[in-house]
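So that the names make sense, note that chain A is the first sequence line, chain B the second, and so on, each numbered from 1.
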Amino acid sequence: MSEKELNNGASMEEEKISKDFIRQIIDEDLKEGKNDGRVHTRFPPEPNGYLHIGHAKSICLNFGLAKEYGGKCNLRFDDTNPVKEDVEYVDSIKEDVRWLGFDWEDREFYASDYFDKLYEYAEDLIKQGKAFIDSCSAEEMKEHRGTPTQPGTESPYRNRPVEENLDLFRRMKAGEFKEGEHILRAKIDMSSPNMNLRDPAIYRIKHASHHRTGEKWCIYPMYDWAHGQSDALEMITHSICTLEFENHRPLYDWCLEQLNVPSNPRQIEFARLNLNYTIMSKRKLLELVQGKYVDGWDDPRMPTISGLRRRGYTPESIRNFSEGVGVAKRNNIIDIAKLEWAVREDMNKRAQRAMAVLKPLKLTLTNYPEDLVEEIEAVNNPEDESMGTRMVPFSRNLFIERDDFMEDPPRKFFRLAPGREVRLRYGYIIKCEEVVKDPGTGEVIELLCTYDPETRSGTGTSTRKVKGTIHWVSAGHAINAEVRLYDRLFNHENPAGDKEGRDFKEFINPDSLEILENCKLEPYLKDMKTGDKCQFERLGYFCVDTKYTTKEKLVFNRTVTLRDTWAKISKQK
RNA sequence: UGUCCCGUGGUGUAAUUGGCAACACGUCUGACUCUGGAUCAGAAGUCUCCAGGUUCGAGUCCUGGCGGGACAACCA
């Protein structure tokens, strides 16, 4: 390649890079020499639930930014509300972030690490006369707050002397009061059009045990008092959060302005990820789990990271998806097809292929020798020659997919039908000579076919063309497995945002899980381990379930179907 | 009758910061094919929410509308 071409290539590539608004902000900050040229982000989940695909977007953004700019990204648990939080969630979050492929190194932090400091900051604010102890009830406070269109009124306790505030606050800390008796509020502006500035609560009494600090505290900082300060203490430069915190930014900045903090983080808000046919709120996901509508947080139908993992999604596909959706400030609902595309894209290149019959139909080759077993060579992955080939046993008695036979086929059905020919993948061309039915029910129970010995695949003699190729498994060699097919959990495109206000649970898809007990797999698959993935040819990508697989029984989850043109054609009818 | 944020093909994101609206997913053709997969080639679809204004020139700037979202936890 000439130097000119190289230059062109480089400049063209640079031209192609269009940066999202966050990267543009960071570029500007860097250009202006802010933060000594550092980029330091953080991913700050509250450990009150499992992470979902929306968090994945945030994780990829925060850790991705740090990587791109040669900076760092912290993992910080925003654990300021002990009654909702639990170590179970801490552990799952760490597992999920790690699984996605990100490393916070030694920077695992907790807002609770800063409780002492946050308390000091609060005393500081009181001493400055910018915070006061309110002794109103929650109801009274609510009345005083006003509405978005009407200003609030000041609390009768607002002008308590500093010394009294300090004394009360210390006694709150010492546990002298019951929950709700007193509360620390910042003294800002009760008539602010921004509700967050109407003397927001910053410290409340909670006689609750905290999953990390135990009984040490009975007062806990509110999010607004903890988050910015935690960012500053961790020397975060860009504090990236979702849109609903936009109105909190003035408060975030206000808090930091009052205090002598070690750095000056900047909050930036972006639009959270939404997927159609999916819910994405922790509260609602929790409801599904607790109401046993699903099998747990890691149910393969859940949009949680652990659910997607169990379903067979790869970290690469989720990262790729997260980057593909982009970052902006407008509300969005992304088509679930985009997520599915991302796994297919990844799996197509890497997945071992194999044959599996999910709904078996007996097929006998009447002109094939009774005791002959041939070993047929099959390609492991047409996309990757280095994965080699394997041998598959072929015999007189086979199983094929029920869906691959129709007694009275419609137009454009290329598969097996009475009198029709089809190729058995990697094997021979066969012809359906006779259909055997159950005399009672009339159900098709067996196909009697003949094979053409001249047409074995790979022999060079198989010049005949047939329209269809179907997969199969030798009945005498097949191994049994259970296969679980998943469909979307909701029938409603936007279950949480129904125009008529109906509850999201009304839209649960009753057919989202189909369990097939009697599936037949080619023997090559017998050593598959939990979590292993492969493609069942013509059917989709599958993985061995981590929960229900036992020594005796293999259980597969269908991650996603293959793109299915026939399904589209037949649905149109 | 508030404040803040946001309006670009079906969906999502761009547009070198004022210069012929592009990319991805989806959709539809066709080629190829021993996976109705993959791959390849191609097509349709946005005149940028509306109305004014500034300008030689506006998706981009200004004004006014309209529409959507967030905010009235001692949640985060």
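- Proximity of A:R330 to the phosphate of B:rU8: a side-chain N or O atom is located under 4.0 Å from OP1 or OP2.
- Among B:rU35, B:rA70, B:rA72, the nucleotide with an atom closest to any side-chain atom of A:T147 is B:rA72.
- Using a 4.0 Å heavy-atom criterion, one finds that A:R145 contacts the sugar-phosphate atoms exclusively.
- Within the nucleic acid shown, A:V466 has no heavy atom closer than 4.0 Å to any nucleic acid atom.
- Spacing between B:rU3 and B:rG59 at atom C1', rounded to whole Å, works out to 27 Å.
- Using modelled atom types, one finds no donor on one side chain facing an acceptor on the other under 3.5 Å when comparing A:R353 with A:H471.
- In this structure, NE2 of A:H144 is placed 17 Å from C1' of B:rA73, rounded to the nearest angstrom.
- Taking the six-membered ring for Trp and thresholds of 30 and 60 degrees, A:H52 and A:H55 have ring planes inclined between 30 and 60 degrees apart.
- Base engagement by A:G180 is indicated by at least one non-hydrogen atom pair under 4.0 Å involving a base atom.
- Between A:K206 and the phosphate of B:rC75, there is a side-chain N or O to OP1/OP2 separation shorter than 4.0 Å.
- Here the straight-line distance linking atom CG of A:N48 with atom NE2 of A:H211 works out to 10.0 Å at 0.5 Å rounding.
- None of A:N81, A:V83, A:V87 except one satisfies the side-chain contact (heavy atoms from CB on, under 4.5 Å) rule with A:E85; the exception is A:N81.
- Regarding contacts with the backbone of B:rA76, every side-chain N or O of A:R283 stays at 4.0 angstrom or more from both OP1 and OP2.
- Under the Watson-Crick and G-U wobble criteria, each requiring two contacts below 3.5 Å, nucleotide B:rU17 is left unpaired.
- Within the 4.0 angstrom heavy-atom criterion, base atoms lie near A:A138.
- In this model, the phosphate group of B:rU16 is not approached by any side-chain N or O of A:Q24 to a distance below 4.0 Å at OP1 or OP2.
- Nucleic acid contact for A:N276: none, since no nucleic acid atom lies under 4.0 Å from a heavy atom of the residue.
- In this structure, the side chain of A:Y157 does not engage the main chain of A:H182 through any donor-acceptor pair within 3.5 Å.
- Nucleic acid contact class of A:F245 (heavy atoms, under 4.0 Å, all strands): base.
- Between B:rA76 and B:rU39, the distance separating the two P atoms is 47 Å to the nearest Å.
- With P as the reference atom, B:rU29 and B:rA38 are 15 Å apart, rounded to whole Å.
- Remark: A:R204 is in phosphate contact with B:rA76, judged by side-chain N or O atoms under 4.0 Å from OP1 or OP2.
- At a threshold of 4.0 angstrom between heavy atoms, the contacts of A:H248 include nucleobase atoms, whether or not backbone atoms are also involved.
- Along RNA chain B, the nucleotide nearest to A:E181 and the one nearest to A:I334 differ in position, and the one closer to the 5' end is contacted by A:I334.
- Using a 4.0 Å heavy-atom cutoff across all strands shown, A:M222 reaches sugar-phosphate atoms only and no base atom.
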Identify the pairs formed between an N or O of the protein and an N or O of nucleotides 37-46 of chain B at a distance under 3.5 Å, and give each distance.
residue, atom, partner, partner atom, Å
B:rG37, OP1, A:T565, OG1, 2.7
B:rG37, N2, A:E383, OE2, 2.9
B:rA38, OP2, A:R563, NH1, 3.0
B:rA38, O2', A:N348, ND2, 3.3
B:rA38, O2', A:E383, OE1, 3.2
B:rA38, O2', A:E383, OE2, 3.0

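- For the pair A:E140 CD and B:rC74 P, the computed distance is 13 Å after rounding to whole Å.
- Using a 4.0 Å heavy-atom distance criterion, A:F413 is classed as a base contact.
- Across all strands shown, B:rC71 forms a Watson-Crick or G-U wobble pair, both distances under 3.5 Å, with B:rG2.
- Residue A:C241 is out of contact with every strand shown, counting any heavy-atom pair closer than 4.0 Å.
- In this structure, A:T242 reaches neither bases nor backbone, as no heavy-atom distance under 4.0 Å exists between it and the strands shown.
- An aromatic stacking contact links A:W566 with the base of B:rG36, defined here by ring centres under 5.5 Å apart and ring planes under 30° from parallel.
- Taking atom CH2 of residue A:W341 and atom P of nucleotide B:rU27, one finds them 13 Å apart after rounding to whole Å.
- Using cut-offs of 30° and 60° on the angle between ring planes, the pair A:F394 and A:W472 is perpendicular.
- Residues A:P44 and A:N332 each lie close to RNA chain B; by heavy-atom proximity, the contact nearer the 5' end of the strand is made by A:N332.
- With P as the reference atom, B:rG2 and B:rC61 are 24 Å apart, rounded to whole Å.
- A:L539 comes within 4.0 angstrom of no nucleic acid atom, judged by non-hydrogen atoms across all strands.
- For the P atoms, the distance from B:rC66 to B:rA24 is 38 Å, rounded to whole Å.
- Side chains of A:Y50 and A:E88: a donor-acceptor N/O pair is present below 3.5 angstrom, by distance only.
- Side chains of A:Q535 and A:E537: no donor on one and acceptor on the other come within 3.5 Å.
- In this structure, A:E537 reaches the bases: a heavy-atom distance under 4.0 Å links it to at least one base atom across the strands shown.
- Within the structure, a side-chain polar atom (N or O) of A:T80 is placed less than 4.0 Å from OP1 or OP2 of B:rA76.
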Provide a list of protein-nucleic acid N or O atom pairs under 3.5 angstrom, restricted to nucleotides 1-5 of chain B.
residue, atom, partner, partner atom, Å
B:rG2, N2, A:P193, O, 3.2
B:rG2, N3, A:P148, O, 2.9
B:rC5, O4', A:E246, OE1, 3.4
B:rC5, O4', A:E246, OE2, 3.4
B:rC5, O2', A:E246, OE2, 3.0

Hey, what are the protein-to-nucleotides 18-22 of chain B N/O distances that come in under 3.5 Å?
none

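- Spacing of C1' atoms, B:rA51 relative to B:rC25, comes out at 34 Å, to the nearest Å.
- A:G427 comes within contact range of at least one nucleobase, with a heavy-atom separation under 4.0 Å.
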